[in-house]
Amino acid sequence: MQPAFLFSLANGFALLGWIVLVAGVIFRRDRLITLWAGRVWPITLSAAYAILILFFFFSAPGGFDTLTNVQLLFTAPWAALAGWVHYLAFDLFIGAWIAQQVLALGMTRWVLILILPLTFLFGPIGVLAFFIARLMLVRHA
């Protein structure tokens with residue numbers, strides 16, 4: 001298999017996980033679906049990441065010690081794919097964690113309409129938006 005094909009496969013799989021997450025938390029309000037999207041999908045992506053790292057990372061050029069080496073590392077298609085799958089797994093996991101926190105804190109689900117797309121597209125900005133929303137919307141005793 002080629003890295004480009006696996007890239008498309010991983011993207012589709014992650015997108016399906018996001019759809020299940022949104023459906024579970026916003027439309028169905030089902031914690032089991034949220035748990036499924038927040039655990040099974042990220043664990044599957046994490047396993048794919050581990051396999052990619054095991055087989056391809058250590059033969060790729062570059063490394064993590066300088067920005068130049070990081071750039072070089074991601075010029076290798078298999079290493080770039082591993083890096084992308086890493087993002088897909090973590091962003092989905094964090095999106096599900098945010099959704100679970102919103103439910104547990106009794107926050108309105110409407111905040112997820114903004115926060116989940118931010119997390120999907122820009123990871124840490126979604127996390128930041130969640131903490132700001134929590135600060136503004138949750139009364140602390």
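The figures that follow rest on heavy atoms only: side chains count, while hydrogens, waters and symmetry mates do not.
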Asker: Between CD1 of I98 and CZ of R134, what distance do you get to the nearest 0.5 Å?
Answerer: 10.5 Å

Asker: Name all residues meeting the side chain to side chain donor-acceptor pair (under 3.5 Å) criterion together with W78; count only those two or more places apart in sequence or in a different chain, and write none if there are none.
Answerer: none

Asker: So which atom in S46 and which in A89 form the shortest heavy-atom distance, rounded to 0.1 Å?
Answerer: OG-CB, 3.8 Å

Asker: More than 12 heavy atoms of other residues, nucleotides or ligands under 6.0 Å from CZ of F13: is that the case?
Answerer: yes

Asker: Distance from L16 atom CG to L92 atom CG, nearest 0.5 Å?
Answerer: 10.0 Å

Asker: Which atom names give the shortest non-hydrogen contact between A133 and I115, and what distance separates them?
Answerer: CB-CD1, 4.0 Å

Asker: Could you tell me which non-hydrogen atom of A37 sits nearest to which non-hydrogen atom of G17, and how far apart they are?
Answerer: CB-O, 3.6 Å

Asker: Let me see the working for L21 and W36 under side chain to side chain contact (heavy atoms under 4.5 Å, CB included), right down to the final yes or no.
Answerer: CA-CA 8 Å; L21 175 62; W36 181 262; over 6 Å; no

Asker: Would you mind reporting whether N11 and W84 have side-chain heavy atoms less than 4.5 Å apart?
Answerer: yes

Asker: Flag the pair F120 / L15 as yes when at least one side-chain heavy-atom distance between them is below 4.5 Å, and no otherwise.
Answerer: yes

Asker: Do you know the tightest heavy-atom contact between T119 and G126?
Answerer: OG1-CA, 3.2 Å

Asker: Apply side chain to side chain contact (heavy atoms under 4.5 Å, CB included) to residues L116 and V25 and explain how you reach the verdict.
Answerer: CA-CA 11 Å; L116 289 181; V25 75; 4.2 Å; yes

Asker: Hydrophobic clusters here meaning ILVMFWY residues chained together by side-chain heavy-atom distances under 4.5 Å, can you tell me if L52 and F90 are in one?
Answerer: no

Asker: Would you kindly confirm whether W97 and F122 end up in one hydrophobic cluster when ILVMFWY residues are joined by side chain heavy atoms under 4.5 Å apart?
Answerer: yes

Asker: Nearest 0.5 Å, please: how far is CZ in F93 from CG in L45?
Answerer: 12.5 Å

Asker: Tell me, do L88 and Y49 make a side-chain contact under 4.5 Å, heavy atoms counted?
Answerer: no

Asker: Side-chain donor-acceptor pairs under 3.5 Å in residues 54-73, sequence neighbours left out?
Answerer:
| from | atom 1 | to | atom 2 | distance (Å) |
| --- | --- | --- | --- | --- |
| S59 | OG | F56 | O | 3.1 |
| D65 | OD1 | N69 | ND2 | 2.7 |
| D65 | OD2 | N69 | ND2 | 3.4 |
| T66 | OG1 | N69 | N | 3.0 |

Asker: Side chains of D91 and W18: do they bring a donor and an acceptor to under 3.5 Å?
Answerer: no

Asker: Please tell me if the side chains of V22 and I113 come closer than 4.5 Å, counting only heavy atoms from C-beta onward.
Answerer: no

Asker: Do L6 and I53 sit in the same hydrophobic cluster, where Ile, Leu, Val, Met, Phe, Trp and Tyr count as joined when their side-chain heavy atoms come under 4.5 Å apart?
Answerer: yes

Asker: Please check if L112 and I19 belong to a single hydrophobic cluster, counting links between Ile, Leu, Val, Met, Phe, Trp and Tyr side chain heavy atoms closer than 4.5 Å.
Answerer: yes

Asker: Determine, stepwise, if the pair F131 / V127 fulfils side chain to side chain contact (heavy atoms under 4.5 Å, CB included).
Answerer: CA-CA 6 Å; F131 283 112; V127 173; 3.5 Å; yes

Asker: Please lay out, stage by stage, how R109 and L103 fare under the test side chain to side chain contact (heavy atoms under 4.5 Å, CB included).
Answerer: CA-CA 7 Å; R109 287 177 171 82; L103 295 175; 3.0 Å; yes

Asker: Which value, rounded to the nearest 0.5 Å, describes the distance between L137 atom CG and I132 atom CD1?
Answerer: 11.0 Å

Asker: Measure the CE-CE distance between M136 and M107 for me, rounded to the nearest 0.5 Å.
Answerer: 9.5 Å

